[in-house]
Amino acid sequence: MQNSLLQQLTTSQKKAVLHIEGPLLVLAGPGSGKTRVITYRIAALIDSGIQPYNICAITFTNKAAEEMRQRAIALGASAGARISTFHSLCVRILRQYADKAGINPNFSIYDQADQTRCIKQAIKDCELDTTNFPPARMLDAISSRLKNNLIDVDNFKAIADDFFTETLAKLYARYQDILAEKNALDFDDLLMKTALLLQNCSDVCCELSNRFKFLLIDEYQDTNRAQYVIAKALVWQHNNICATGDPDQSIYRWRGADIRNIINFEKDWPDAMVVKLEENFRSTPNILAVADNLIAQNQNRKEKKLVPTKPHGTDAVISSFEDEAEETQSIALKVQELSGKGASLQDIAVFYRVNAQSRLLEEAFIHNKIPYQVVRGVEFYNRKEIRDILAYLKVLVNPDDEIALLRIINTPARGIGKTTIDRVRAYASLHKLSFLEALKKSEHIDSLSKAPKEKIAGFVKMLEMFKKDIKGDVAPLAERVFIESGLEKSLREAGPDGQNAIENINELINAAALYDKQTEQPELIDYLQQISLFSDADAYDGSSEKVAFMTLHTAKGLEFENVFIAGVEQGLLPHERSSESENDDELEEERRLLFVGITRAKTSLHISYARYRTIRGQLLRTIPSQFLFELEIDFSESNQNVPRPSWPWYHGLEARDTLYAFAAGELVRHKSFGLGRVKEFIDMGENSVVVVEFNSGQTKTLMLKYAGLSKVNV
DNA sequence: TCAGGAATGCTTTTT
DNA sequence: GCATTCCTGA
């Protein structure tokens, strides 16, 4: 490799880049250039005569893969290395070895919404109710506890030993059958089926580990059991694995990530070389100190220092605001101030724990006319009209995809209603046919009258016409489906919302055209599988002059000059759901999440919380996050003189001032107890309690919201 | 068959 | 609070 390029690296980085043969673990703190190390390594490997074809690098998002590809090429590496996410890699492997994996290569990939429909169906089929067996929880158990740990249906049946696990085993079995009937795999199946394939077919394992002579994995701390098994299998022949990661940035335990994978790396590969990258090139010492104070509170960790290399800067700030509207308003104002001082909007990001927090931020930024982007890629693909048109395309590739088929059969309305569908379904299950096959034989279904039969025939004929065009470019087919299915016409007649939907579909067709252009051999199935694996972070456009809003999870791997973290309150961060387990594991993961957020900041960091927040329609008094006290920053609850938002829809404060704020000593009137004086006011937002001593001599403790107290102005 | 309103449920994070 | 599903009437 060219010396001039290597000179850009530190001694430790160089060591990691140039250690070619054998296992290598790069333990790297935030901002230490670990992704850079992988990129340089790819270039160095190719430089030392290794064929790009023999290199496989695994990143966390598609976006990261794309960036890595381009940077490697910029370093002089020829293209051809496989750089992708675990999921994309699995799709490729499963399609290539479909027979051996026992699947049909035209499978659909089911996302959360599809999965939920399937699990609901399974719960119904097993004659269970959704109250005792909530779909979301069942799905979570199946995916993160079972599939990600490579426990398949048979394994689980063998170990189930009480009512709940036995029921779950039945449910799991039924759920897998439903997916199989529809020729669909969910996200976890992609990993599990690949891992099991590699485990069970040594010839496939052999072939792949000969093809990928060098494996590089970024964000190794967030791999789960299935991914670990895949990695292990891929390096079976040579042990040329390079993993980089930081246990302190592990934030995906809840979806099966197993931190032991990185902790036990040296046990798995005893001859591993370990390189530590502790210098931080991203943040000021002020920011790093705060991050360090916070993460030091985690008991379950190996101590690690963050060594700053940048000069001192401004201190991190914690601000408190009256409520979430004031919080977002003041973030907007602060952004304007930064921008006025010359900061570019794309260097500013706002992070939060839950997606719901983006709405108020958007309102504040719209009000203040500041351009922003909400980094939430999957949202686009979750729009109704997008799902509709994609469902048409999915059915063309995978006729067994009943969920997609049911979605489009009467979209737009073509007179095939519930009754008709039920009759066809009954016929299908009686004759052991798929739903589409039953539709094709509809003229033989006696329970149907003439009109529905004709409508079904028309629908089937339309699908068959589309199917003739399935080869080649995707965009023209998508456009044709949009118009000829009647979707376009129905949206055109649906007013402004419809117009918006049309624009979205046009955007999808444009994206498909881009795919056609950039892909050597465009294929509908490949396109559909690719967009199924599209992630939130993939939507981030770092080149546009906009402030970025995203969750703390999405922020992983990114960096910004100026970072805001909003809503740092008990219940939100740490999230209330994280306190359900009896140990501190989940709390520590929440702490790591904040750590990840803080360490994204290069020069300025603004943490905030609101004293009141409306949650699910209830105004609640909040408690500052316990983490705030661990940062060792001075902060007080003083009002910071934020101009109250003057937006027409903003009523929060006024409402609370009159309804929810009483002071001891205040004179009040109750509709039946009459006049009284407030003895004590326990502020819990909407659930506040007042103790009133009435003139009648009685002292009452009242729930404010039911008491109907009014203030008496003296 | 379907639109529209009422009732119910569900709410972390994501590939 | 919002989204989905359920239910009723046309």
Side-chain angles (χ1 to χ4, degrees), chain A residues 58-65 84-91 109-113 115-117 120 129-131 134-137 139-140 143-144 147-148 185-192 219 222-224 226-227 250-257 351-357 359-360 375-379 381-382 384 410-422 449 451-452 455 494 529-539 550-556 567 571-580 586 589-590 592-594 596-597 613-619 686:
Chain A
I58 296 174
T59 56
F60 206 71
T61 62
N62 295 301
K63 179 98 182 170
S84 71
T85 62
F86 260 111
H87 284 84
S88 301
L89 179 69
C90 290
V91 168
I109 298 172
Y110 274 8
D111 65 11
Q112 192 121 40
Q115 288 182 59
T116 306
R117 297 197 58 167
K120 280 184 181 162
D129 66 293
T130 48
T131 326
R137 285 203 170 224
L139 216 46
D140 184 59
S143 86
S144 69
K147 290 190 178 180
N148 287 333
L185 302 182
D186 65 21
F187 288 125
D188 307 297
D189 281 334
L190 297 174
L191 299 175
M192 180 170 79
E219 310 283 11
D222 280 322
T223 50
N224 59 33
Q227 290 165 325
S250 159
I251 54 175
Y252 284 100
R253 210 182 73 99
W254 52 273
R255 66 172 207 211
F351 304 149
Y352 37 79
R353 177 66 231 267
V354 300
N355 284 303
Q357 288 172 262
R359 216 196 76 231
L360 267 175
V375 183
R376 190 129 205 257
V378 296
E379 212 165 59
Y381 291 94
N382 280 335
K384 186 186 172 302
N410 202 33
T411 309
R414 49 173 75 88
I416 307 176
K418 192 172 178 299
T419 328
T420 310
I421 291 169
D422 286 346
S449 51
K455 283 167 181 163
Q529 290 179 340
Q530 268 194 33
I531 60 173
S532 300
L533 299 176
F534 196 78
S535 71
D536 278 346
D538 297 338
M550 68 191 86
T551 65
L552 286 159
H553 283 91
T554 307
K556 172 166 139 151
L572 210 47
L573 184 66
H575 196 273
E576 57 179 337
R577 292 281 281 262
S578 68
S579 57
E580 282 173 6
E586 292 185 11
E589 177 144 315
E590 297 284 310
R592 290 194 291 269
L593 197 51
L594 180 56
V596 167
R613 183 175 295 274
T614 305
I615 294 168
R616 273 171 250 154
Q618 269 208 326
L619 182 73
E686 249 178 31

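Worth saying up front: this structure is predicted, and the values here are computed from it rather than measured. In what follows, every chain begins at residue 1, and chains take the letters A, B, ... in the order their sequences are listed.
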| said: What contact category does Phe86(A) fall into here, base, sugar-phosphate, or nothing, at under 4.0 angstrom with non-hydrogen atoms? | reply: nothing

| query | With a non-hydrogen cut-off below 4.0 angstrom, is Arg117(A) in contact with a base, only sugar-phosphate, or nothing? | reply | nothing

| For Gln112(A), which contact category applies under a 4.0 Å heavy-atom criterion: base, sugar-phosphate, or nothing? | base

| query | Donor-acceptor pair, His87(A) side chain versus Leu190(A) backbone, under 3.5 Å? | reply | no

| said: When the P atoms of dT4(C) and dT13(B) are compared, how many Å lie between them, rounded to an integer? | reply: 15 Å

| query | When the P atoms of dC6(C) and dT11(B) are considered, how many whole Å apart are they? | reply | 15 Å

| query | Which nucleotide of DNA chain B is the first, and which the last, in the 5' to 3' direction, to come under 4.0 Å of a heavy atom belonging to chain A? | reply | dT1(B) to dT15(B)

| Mapping Ala136(A) and Phe187(A) onto DNA chain B by nearest heavy atom, which one lands closer to the 5' end? | Ala136(A)

| message | Donor-acceptor check, side chain of Asn62(A) to backbone of Asp538(A), threshold 3.5 angstrom: yes or no? | response | no

| Ring centre gap for His575(A) and Trp254(A) strictly below 6.0 Å | no

| request: Before giving the answer on side-chain contact (heavy atoms from CB on, under 4.5 Å), spell out for Gln115(A) and Phe187(A) the whole-Å C-alpha distance, their side-chain angles and the decisive distance to 0.1 Å. | output: CA-CA 9 Å; Gln115(A) 288 182 59; Phe187(A) 288 125; 4.0 Å; yes

| Are Thr85(A) and Thr59(A) close enough, and set up right, to give a side-chain contact (heavy atoms from CB on, under 4.5 Å), and what steps lead you there? | CA-CA 5 Å; Thr85(A) 62; Thr59(A) 56; 4.2 Å; yes

| message | Looking at Arg137(A), is its backbone amide N or carbonyl O close enough to the side chain of Asp140(A) to form a donor-acceptor pair, meaning the two atoms are under 3.5 Å apart? | response | no

| said: What's Asn62(A) touching, base or sugar-phosphate or nothing? Going by heavy atoms closer than 4.0 Å. | reply: nothing

| Residue whose nearest DNA chain B nucleotide is more 5′ - Ser532(A) or Lys120(A) | Lys120(A)

| message | Categorize Asn410(A) for me: base, sugar-phosphate, or nothing, with a 4.0 angstrom heavy-atom threshold over every strand shown. | response | sugar-phosphate

| query | What is the nucleic acid contact for Ser88(A), judged by heavy atoms within less than 4.0 Å: base, sugar-phosphate only, or nothing? | reply | nothing

